[in-house]
Protein chains: 2
Amino acid sequence: MGAKRERADAARNRAKILTAAGEIVAARGVEALAMADVATAAGVGVGTLYRRFGDRSGLAYALIDEREREFQAAFIEGPPPLGPGAPGLTRIRAFLHALVDRTTAQLDLLVMAETATPLARFGAAYDLYHSHLTMLIAQVDPDADAFCLADALLAPLAAPLLAHRLRAGEVTADRIKSALDGLLAGFKA
Amino acid sequence: MGAKRERADAARNRAKILTAAGEIVAARGVEALAMADVATAAGVGVGTLYRRFGDRSGLAYALIDEREREFQAAFIEGPPPLGPGAPGLTRIRAFLHALVDRTTAQLDLLVMAETATPLARFGAAYDLYHSHLTMLIAQVDPDADAFCLADALLAPLAAPLLAHRLRAGEVTADRIKSALDGLLAGFKA
DNA sequence: CGATTAAGCGGAATTGATTCCGATTAATCG
DNA sequence: CGATTAATCGGAATCAATTCCGCTTAATCG
């Protein structure tokens, strides 16, 4: 794991870059986070930025890193109900709730860390699928939060995630369908 | 709805572009779909490409459009169980299964239509969250497909989707948490 | 048909991310 | 401390997407 310890100038530059990037985000938002600007503000060349952080989303991730570490530590080794000690279902619920909070707290940076470029449309399609499902769910169970459930069923089927799983050979289309059936089983319960 | 009908030369160019783009994708894959190349192959200027399709992901979407229309027609007005006529839960299941198939059939283009640029990492974070959840779920219910369920719970919380929903004011963080609780309720059922 | 005009056109220019590489310099070693 | 070497640097060059804008031309109208 441990690389040979960063050279002194490298560490100094890393700090300067992170500071400059943080200030730009604070002042003008993530869209304004241009690599060339960060380099200039930090007083280093763009090459330095890339050697240190890989790419734009890597820089975003670095800006998030501290809170991310805290969050990870909390659910891996922190106190219950997030950490070990509480019963499984309780921990699952606690984790999901905490993730919602953690995500909304740094929404812009997290979007950038995941997508690099602004990210295109949510498929003209997604919205159509979503309203179709919302309608069907409302019909099956008038008491459910059809809108949110529709997202819960749809999001796992987004092309990028499916591509990730299928290409890695981690799952098959049939297995995904079975899992969906399992979810649906607990529906109008 | 209907704009004033496309000019003859415009329609001709649209066809030439779509043909050229389709050939490039067939021959060298979506990564090779560079706007300048498509323009050259189609014998038009890049400006024409952009006026006609908006941007790169718009072009991808156009390449997909035909099958997409068929799919949409099938679940909106086609025969049951996909279309109207079958009971709600049956239609939901049929829709989700069909969506999995429809997505896997044109995976690359759909990814491109959704993300424009290659798409960055799945958050170094996503994988960690996923294995954490997988473990907890397996512990709660040894018979469940923990791996897939973990995706089902996690994907709806991806930053881009949350950002979309929260910014539009369509939901609140608390409502999302409640919906998650609802899903969990049907778990070890 | 000739005038009129808005839609459409091409491709140079711009923008921003990412890559390259010769010049530096921190860290190591004798 | 001075030599040696590998890690860093800086910033010019490259690459692709997207924007701009002056020129064309299909469609419309008298």
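Convention: sequence-line order gives letters A, B, ...; per-chain numbering from 1.
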DNA chain C-proximal residues of residues 27-34 of chain A, any heavy atom under 4.0 Å | A:Leu33, A:Ala34
Does [X] put a side-chain nitrogen or oxygen below 4.0 Å from OP1 or OP2 of [N]?
X	N	result
B:Arg5	D:dA26	no
A:Arg51	D:dC9	yes
A:Asn13	D:dC9	yes

Can you check the [X] [atom1] to [N] [atom2] distance for me, whole Å?
X	N	atom1	atom2	answer
A:Asp55	C:dG16	CG	C1'	13 Å
B:Met112	D:dA17	CE	C1'	11 Å
A:Glu6	C:dA27	CD	C1'	14 Å
A:Arg52	D:dT8	CZ	C1'	7 Å
B:Leu49	C:dG8	CG	P	15 Å
B:Tyr50	C:dA13	OH	C1'	14 Å
B:Arg56	D:dT19	CZ	P	15 Å

C:dT19 pairs with, by Watson-Crick or G-U criteria that keep both distances under 3.5 Å = D:dA12
C:dG10: pairing nucleotide in any strand, Watson-Crick or G-U under 3.5 angstrom | D:dC21
A:Arg167 bridged to B:Asp108 by N-O distance under 4.0 Å | yes
Are B:Glu70 and B:Arg102 within salt-bridge range, i.e. N to O under 4.0 Å?
-> no
Given the rule in the side-chain contact (heavy atoms from CB on, under 4.5 Å) test, do B:His130 and B:Leu153 qualify, once you have shown the distances and angles that lead to the verdict?
-> CA-CA 9 Å; B:His130 185 269; B:Leu153 291 174; over 6 Å; no
What pairs of residues pass the side chain to side chain donor-acceptor pair (under 3.5 Å) test when at least one of them lies in residues 87-98 of chain B, not counting sequence neighbours?
-> A:Asp181-B:Arg93, A:Asp181-B:His97
Is the number of heavy atoms from other residues, nucleotides or ligands within 6.0 Å of CZ (B:Arg69) greater than 12?
-> no
Go through the side-chain N and O atoms of A:Tyr126 and A:Asp151 and say whether any donor and acceptor fall under 3.5 Å apart.
-> yes
Does the side chain of A:Leu49 come within less than 4.5 Å of A:Asn13's, by heavy atoms?
-> no
Do B:Thr103 and A:Leu157 have side chains that get closer than 4.5 Å, going by heavy atoms?
-> no
Taking only N/O atoms, report every protein-nucleotides 23-26 of chain C pair under 3.5 Å with atom names and distance.
{"from": "C:dA26", "atom 1": "O4'", "to": "A:Arg7", "atom 2": "NE", "distance (Å)": "3.2"}

With a 3.5 Å cut-off and sequence neighbours excluded, list the donor-acceptor pairs that the side chains of residues 173-180 of chain B form with protein atoms.
{"from": "B:Arg175", "atom 1": "NE", "to": "A:Asp145", "atom 2": "OD1", "distance (Å)": "3.4"}
{"from": "B:Arg175", "atom 1": "NE", "to": "A:Asp145", "atom 2": "OD2", "distance (Å)": "2.6"}
{"from": "B:Arg175", "atom 1": "NH1", "to": "B:Glu170", "atom 2": "O", "distance (Å)": "3.4"}
{"from": "B:Arg175", "atom 1": "NH2", "to": "A:Asp145", "atom 2": "OD1", "distance (Å)": "2.7"}
{"from": "B:Lys177", "atom 1": "NZ", "to": "A:Asp101", "atom 2": "OD1", "distance (Å)": "2.8"}
{"from": "B:Lys177", "atom 1": "NZ", "to": "A:Asp101", "atom 2": "OD2", "distance (Å)": "3.1"}
{"from": "B:Ser178", "atom 1": "OG", "to": "B:Asp174", "atom 2": "O", "distance (Å)": "3.1"}

Apply the test salt bridge (Lys or Arg N to Asp or Glu O under 4.0 Å) to residues A:Arg12 and A:Glu6: give CA-CA distance (whole Å), side-chain angles for both, the deciding distance (0.1 Å), then the verdict.
-> CA-CA 10 Å; A:Arg12 205 178 315 133; A:Glu6 203 164 61; over 6 Å; no
Counting only non-hydrogen atoms, which of residues 35-48 of chain B are less than 4.0 Å from DNA chain D?
-> B:Met35, B:Val46
According to the salt bridge (charged side-chain N to carboxylate O under 4.0 Å, His left out) rule, which pairs have a member within residues 17-39 of chain A, sequence neighbours left out?
-> none
